[in-house]
Structures are given as structure tokens and as C-alpha cells.
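Step one of this worksheet: look at the structure below.
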Protein chains: 2
Amino acid sequence: MEEKIYTCPLELTQKILSKKWTVIILWLLRHGKVRTKDFKNQIKGSNEKMIIEHLNYLIEEKLIEKREYDVYPKKTEYVLTEKGKDLLPILELMQSYGKKYYVK
Amino acid sequence: MEEKIYTCPLELTQKILSKKWTVIILWLLRHGKVRTKDFKNQIKGSNEKMIIEHLNYLIEEKLIEKREYDVYPKKTEYVLTEKGKDLLPILELMQSYGKKYYVK
DNA sequence: CCGTATCCTCTGCGATACTG
DNA sequence: CAGTATCGCAGAGGATACGG
């Protein structure tokens, strides 16, 4: 709908990474599927609403996919798509950088 | 001052990249010093205030440094610090990713 | 267990105008 | 040319409560 002027492709990747909880969600998914409650337990300082909101955003962007199982209680899992997996090398560098400069 | 709970070092790097114009500013600095007006000319969709604001933020975070020359008209240049240069590999991957998925 | 609906706060962003 | 000062707004982020 709305056309954005951008200087270079960098900005498009930046937009994904700019949302506060997307990075950590993708990171937790690097080894395979994760359940909703596990995100809740493992992500400090967030809350359920924010996590679900970001999960939906990531689905829209086709970075992750949802798997629902019709059991009781309800069970839902998320996995990375190829597009999502392609982000992992970036996240790994971000992790190293964070360790290098911000962890004593 | 304010202690933040975080899940992993990733989040600290994420915080830098989350600001809208930092990434493109650092990117323009990858080949050496850049003058204020050149940022203005080369960054589409932004404005002077935002750029200066982000430049100051990057100085606080010690990712760039300022060089002022006392001439008329005034001349100012910015350069990457080591900490800033260490971010370049990440930006390169972000650039490739952006090209791969968002440029036809 | 999973997700939605409100409501409210705060700040990032942008436009504009002005100073050295 | 470089930088500051105002003002305003939209939307991200967060707390809480409810529904399937």
C-alpha cells in the first residue's frame, strides 16, 4: 500500500530487527520448534501479549510458521521458515558482538 | 542507572540496530569519514534533526567519533571507532539479506 | 494452554523554524 | 554548514483481564 523511499536494502532487514522481541524469538527457534509457553518462560521482561503480537508479525513476514495440534489442552508450536533460517548467521554475529562488548 | 533484565547478549546488539537511522549511518561510514551534509544528501526519507540525533546517540555508544575543524563555514566529520567497525560484518550480512528477499 | 481485547503511557519520529 | 528548540502525533510497548 504505502510506498516507502529507502536508501538501500539494509533498511529492509533493519526493519525486521528493529522490533523489540523478534530477535530473541528467532534465536530461541534456531534449534527447532518451540511452544508458546516456552517463549513465555524463557524471555525475560516481556509478557504474553507482546510475544503473541511478535509471533504474528513474524508469521506475516513469513519468517516463521505455526503448527497447531488439536488436543486438550491446546498445543501450538512455531518453526523457522527458510527465510527465517537465513537470518541466523546475522543473529550469531549479533550474539558474539553483544558478548564482546557488553558482558564482563 | 536503570538495570534492565535481559535474556541474552543478543538483545544488547539489537538495541543498537533497532534505532531507525543508525544502521544506514554506520553503513555510509564504512569506507571512511563522512560529513554531516553528506548524510543529509544520501539518506532518503530522513531529516537533519533525526540524523544529528542519531549521530549523537552513536557517539554516546562509542560507535563513532566526531572531528571538528574550525573553519568557515564550519566543517565536521564522523568516523567509525573499533567498536563501530566491528559492527560492519553484521551490516554486510543484513545488506545481502535485504537484497535477497526484498529486491527484485 | 493459547490467544484476544482494552486501555494507557511514553517516546521515537517528523515538520518547521531559528542560531552561531 | 552544523546544530538546537518546539511542538505534535502515531504507534510501539506494557499491564491486566477475559474467553475458547
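Convention: sequence-line order gives letters A, B, ...; per-chain numbering from 1.
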*asked:* I need the residues from residues 24-38 of chain A with at least one non-hydrogen atom less than 4.0 Å from DNA chain D; give them sorted by number, or say none.
replied: none
*Measure the shortest side-chain to side-chain distance between Val79(A) and Lys66(A) over non-hydrogen atoms and say whether it is less than 4.5 angstrom.*
no
*Verify the contact: side-chain N or O of Lys20(B) to OP1 or OP2 of dG14(C), cut-off strictly under 4.0 Å; return yes or no.*
yes
*How close do His54(B) and Lys20(B) get, heavy atom to heavy atom, and via which atoms?*
NE2-N, 3.7 Å
_Minimal non-hydrogen separation, Thr81(B) against Lys62(B), with atom names_ = OG1-O, 2.7 Å
*Could you list all the salt bridge (charged side-chain N to carboxylate O under 4.0 Å, His left out) pairs where at least one residue sits in residues 88-102 of chain B, not counting sequence neighbours?*
Asp86(A)-Lys100(B)
*Using modelled atom types only, decide if a donor and an acceptor are shared between the side chain of Gln95(B) and the backbone of Leu10(A) within a distance under 3.5 Å.*
yes
*Any idea which heavy atoms bring Val34(A) and Leu28(A) closest together, and the distance?*
CG2-O, 3.4 Å
*Just by distance, do the side chain of Asn41(A) and the backbone of Lys37(A) share a donor-acceptor pair under 3.5 Å?*
yes
*Look at the side chain of Tyr97(A) and the backbone N and O of Lys83(B), then say whether any donor-acceptor pair between them is shorter than 3.5 Å.*
yes
*Do any side-chain nitrogens or oxygens of Tyr78(B) fall under 4.0 Å of OP1 or OP2 in dA2(D)?*
no
*How long is the span from the CG atom in Leu63(B) to the CD1 atom in Ile25(B), to the nearest 0.5 Å?*
11.0 Å
*Quick one: Lys19(B) NZ to dC13(C) P, roughly how many Å, whole number?*
6 Å
*Heavy-atom donor-acceptor pair, Gln14(A) side chain to Leu17(B) backbone, under 3.5 Å*: yes
*Take the protein atom CD of Glu77(B) and the nucleotide atom P of dG3(D), then report the distance between them rounded to whole Å.*
12 Å
*Check DNA chain C against residues 9-17 of chain B and give the residues with a non-hydrogen atom under 4.0 Å, in numerical order.*
none
*Got a donor-acceptor contact below 3.5 angstrom from the Thr7(A) side chain to the Ile43(B) backbone?*
no
*Strictly below 4.0 Å, heavy-atom distances to any atom of DNA chain C: list the hits from residues 50-70 of chain A, or just say none.*
Ile52(A), Asn56(A), Lys66(A)
Anything under 3.5 Å between a protein N or O and an N or O of nucleotides 15-20 of chain D, put it in a table, one pair a line.
none

_Which atom of Glu68(A) lies closest to which atom of Thr76(A), heavy atoms considered_ = CG-CG2, 3.9 Å
*Going by an N to O cut-off under 4.0 Å, is there a salt bridge joining Glu11(A) and Lys15(A)?*
no
*Geometric cation-pi criterion Lys19(B) and Tyr57(B), 6.0 Å radius, 45° cone*: yes
*So, does Thr13(A) use its side chain to make a donor-acceptor pair with the main chain of Gly98(B) at under 3.5 Å?*
yes
*Answer with base, sugar-phosphate or nothing: what part of the nucleic acid does Phe39(B) contact at a heavy-atom distance below 4.0 Å?*
nothing
*Stem ranges for DNA chain C, with three or more consecutive Watson-Crick or G-U pairs under 3.5 Å?*
C:3-20 with D:1-18
